[in-house]
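One structure is given below, encoded as structure tokens.
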Amino acid sequence: MIGHASQVGSNTMLCGQVGLAGSTRVGRDCILAGQVGTAGHLTVGDGTVITAQSGVPTDVPSRSLFSGYPAVENRQWLKSMAALNRLPDLQKHVRELEAEIEKLKSR
């Protein structure tokens with residue numbers, strides 16, 4: 001679905017269920033993988049790849065790799081997802097440390 005007044009550059013691939021809100025400009029030689037959505041009035045630079053199921057709220061620089069919701073640089077997204085998977089263990093560890101601190105305070 002391509003919104004009103006949007007522009008898509010040459011040699012750009014829009015995969016299944018991509019949605020471009022109005023006035024989005026996508027550069028040349030880009031790949032927007034399946035189920036990518038963009039907010040309106042933004043620019044995706046030339047040679048950019050946006051991975052599947054990403055939501056793009058702001059401009060994306062040329063020759064970059066973006067992922068996630070909201071879409072950020074792919075490396076940052078991978079780190080965030082790794083931390084998210086560890087979150088239950090980190091919460092448990094924080095609770096244990098807080099309990100130790102309380103014990104030390106009551107001495």
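Residues: numbered from 1 along the sequence shown. Because the structure is a prediction, the values reported are computed rather than measured.
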Does any non-hydrogen side-chain atom of S23 lie less than 4.5 Å from one of R25?
no
Are K105 and E102 close enough for a salt bridge, meaning some N to O gap below 4.0 Å?
yes
Interatomic spacing from CD1 in I31 to OG1 in T12 - rounded to 0.5 Å:
9.0 Å
Kindly compute the distance separating CD (Q17) from CE (M1), expressed to the nearest 0.5 Å.
11.0 Å
Atom of P57, atom of A71 and distance for their closest heavy-atom approach:
CD-N, 4.0 Å
dist E98:CD -> K103:NZ (nearest 0.5 Å) comes out at 13.5 Å
With a sphere of 6.0 Å drawn around CE of M81, does it hold more than 12 non-hydrogen atoms of other residues, nucleotides or ligands?
yes
Heavy-atom check, side chain of D46 versus side chain of R28, under 4.5 Å
yes
Minimum heavy-atom distance S6-A21, with the two atoms named:
OG-O, 3.2 Å
So if you build clusters from Ile, Leu, Val, Met, Phe, Trp, Tyr with side-chain heavy-atom gaps below 4.5 Å, do I101 and V94 land together?
no
Got a second to check how far Q53's CD is from S67's OG, nearest 0.5 Å?
11.0 Å
Which value, rounded to the nearest 0.5 Å, describes the distance between S64 atom OG and E73 atom CD?
7.0 Å
Heavy-atom nearest pair, G68 first then S54, reads N-OG, 2.9 Å
Taking all atoms of both residues into account, what is the closest heavy-atom pair of A52 and A33, and its distance?
N-CB, 3.4 Å
Using links of under 4.5 Å between side-chain heavy atoms of ILVMFWY residues, direct or through other members, which residues join F66 in one cluster?
I2, V8, L14, V18, L20, V26, L32, V36, L42, V44, I50, V56, V60
Could you state the interatomic distance from CD (E96) to CD (Q91), rounded to the nearest 0.5 Å?
12.0 Å
